[in-house]
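None of these values were measured; they are calculated from a predicted model.
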Amino acid sequence: MDNSIIGIGIALGVSFFILYTRKKKWMTEKIVWLICIGLLAFGIFGLLYSKSEFRDDKVMYFGFCVPIVYWIFDRLFKKISENIHKRDFILFLRYSDEINDGLGAKNPHVKDSDKLFSFGLLIIIVATLFIGIKIL
């Protein structure tokens, strides 16, 4: 099996999981920081000390570093939204619990900045992964 698929799966899977559960009561900031720092430590350790010369292994280890990049931007966007709207931004993505995504649904509570932050986080997750893959 190609090890890079594991890294890509971790990068996308963990980041999207944290994105969609960011306002759940059981998903506290402390838990997310621990997850992201643990994955980052594993990824950096693998990148620095792996004897493997295979690109697939480097991509795998880099994938473990992506969730912390997502989480830092999530916290930044939350802070900006709190300064602008006095609330955390609303996740404007399909299957989010914060919006009505039914046929012809209206979401008057969603501001343009909410949409910008939501799509920005998607782009950051994917761009970080693919930039890392390109560099490696």
Side-chain angles (χ1 to χ4, degrees):
M1 181 173 165
D2 185 5
N3 286 341
S4 64
I5 292 174
I6 295 169
I8 292 169
I10 292 292
L12 295 177
V14 171
S15 297
F16 281 115
F17 176 74
I18 294 170
L19 177 65
Y20 274 93
T21 61
R22 62 191 295 279
K23 290 186 180 175
K24 302 289 185 188
K25 286 187 182 224
W26 53 268
M27 184 59 96
T28 65
E29 283 189 39
K30 184 178 180 180
I31 291 171
V32 178
W33 278 115
L34 289 172
I35 291 168
C36 290
I37 290 171
L39 290 171
L40 177 67
F42 184 76
I44 289 175
F45 183 80
L47 286 170
L48 294 177
Y49 297 108
S50 174
K51 302 291 184 196
S52 177
E53 294 298 320
F54 296 113
R55 182 175 182 269
D56 293 346
D57 290 339
K58 292 178 183 177
V59 169
M60 179 185 68
Y61 289 121
F62 179 77
F64 286 90
C65 301
V66 171
I68 192 114
V69 175
Y70 151 75
W71 184 241
I72 289 169
F73 277 99
D74 183 278
R75 298 295 86 193
L76 176 66
F77 291 169
K78 178 181 178 180
K79 193 71 158 166
I80 293 169
S81 181
E82 287 173 345
N83 288 338
I84 295 172
H85 303 296
K86 306 297 184 236
R87 62 165 172 77
D88 192 358
F89 68 91
I90 296 168
L91 185 62
F92 188 72
L93 297 176
R94 186 170 201 121
Y95 307 116
S96 168
D97 295 337
E98 301 175 57
I99 63 166
N100 182 359
D101 61 355
L103 185 62
K106 303 268 191 263
N107 289 291
H109 63 289
V110 177
K111 309 281 187 219
D112 288 337
S113 61
D114 296 322
K115 295 175 184 177
L116 179 68
F117 294 147
S118 298
F119 294 125
L121 286 173
L122 285 178
I123 292 168
I124 287 166
I125 292 168
V126 175
T128 302
L129 178 63
F130 287 110
I131 289 170
I133 290 171
K134 185 78 169 163
I135 290 171
L136 295 173

Self-check item: Test item: Ile84 and Phe89 side chains (from C-beta on) under 4.5 Å apart, heavy atoms
Solution: no
Exercise. Decide whether Leu122 and Ile131 are clustered together by the hydrophobic rule: side chain heavy atoms of Ile, Leu, Val, Met, Phe, Trp, Tyr closer than 4.5 Å, transitively.
Key: no
Quiz item: Are Arg75 and Glu29 side-chain neighbours, meaning at least one heavy-atom pair lies under 4.5 Å?
Solution: yes
Quiz item: Are any non-hydrogen side-chain atoms of Ile124 and Phe77 less than 4.5 angstrom apart?
Solution: yes
Quiz item: Looking at CD1 of Ile5 and CD1 of Ile10, how far apart are the two atoms once the value is rounded to the nearest 0.5 Å?
Solution: 13.0 Å
Quiz prompt | Closest non-hydrogen atom pair, Thr128 against Phe62 | solution = O-CE2, 3.4 Å
Quiz prompt | Lys111 side chain near Arg87 side chain, heavy-atom distance below 4.5 Å | solution = yes
Quiz item: Does some side-chain heavy atom of Glu98 sit less than 4.5 Å from a side-chain heavy atom of Val110?
Solution: no
Quiz item: Do you know which two heavy atoms are closest between Tyr20 and Ser96, and how far apart they sit?
Solution: CE2-N, 3.9 Å
Practice problem: Can you measure from CG (Leu91) to CZ (Phe117) and round to the nearest 0.5 angstrom? | Solution: 12.5 Å
Quiz item: Would Ile125 and Leu116 show up in the same hydrophobic cluster when neighbours are defined by side-chain heavy atoms closer than 4.5 Å?
Solution: no
Quiz item: Same cluster or not: are Ile90 and Ile123 linked, directly or through other Ile, Leu, Val, Met, Phe, Trp or Tyr residues, by side-chain heavy atoms under 4.5 angstrom apart?
Solution: no
Quiz item: Can you find a pair of side-chain heavy atoms, one from Ile8 and one from Leu129, that are under 4.5 Å apart?
Solution: yes
Quiz prompt | Considering all heavy atoms, the nearest Cys36-Pro67 contact | solution = SG-O, 3.7 Å
Quiz item: Between CZ of Phe92 and CG of Asp112, what distance do you get to the nearest 0.5 Å?
Solution: 9.5 Å
Quiz item: Got more than 12 heavy atoms from elsewhere within 6.0 Å of NZ, Lys79?
Solution: no
Exercise. Could you please spell out the steps behind the salt bridge (Lys or Arg N to Asp or Glu O under 4.0 Å) verdict for Asp88 and Arg22?
Key: CA-CA 10 Å; Asp88 192 358; Arg22 62 191 295 279; 3.0 Å; yes
Sequence neighbours left out, cut at 3.5 Å: what donor-acceptor pairs do the side chains of residues 47-55 make with other protein atoms?
unit_1 : atom_1 : unit_2 : atom_2 : d
Ser50  : OG     : Ser52  : N      : 3.2
Ser52  : OG     : Phe54  : N      : 3.2
Ser52  : OG     : Asp57  : OD2    : 2.4
Arg55  : NH2    : Ile133 : O      : 2.5

Quiz item: Does Ser118 reach the main-chain N or O of Asp114 with its side chain, forming a donor-acceptor pair under 3.5 Å?
Solution: yes
Quiz item: Are Leu34 and Val66 connected in the hydrophobic side-chain network, where two residues link if heavy atoms are under 4.5 Å apart?
Solution: no
Exercise. Mind checking the CG-OG spacing from Leu121 to Ser15? Nearest 0.5 Å is all I need.
Key: 9.5 Å
Practice problem: Check whether any side-chain heavy atom of Tyr70 lies under 4.5 Å from a side-chain heavy atom of Leu19, and answer yes or no. | Solution: yes
Quiz prompt | Side chain to side chain, Ile68 and Ile72, heavy atoms closer than 4.5 Å | solution = yes
Quiz item: Does CG belonging to Asn83 count more than 12 external heavy atoms closer than 6.0 Å?
Solution: yes
Quiz item: So does Phe73 have more than 12 non-hydrogen atoms from other groups sitting under 6.0 Å from CZ?
Solution: no
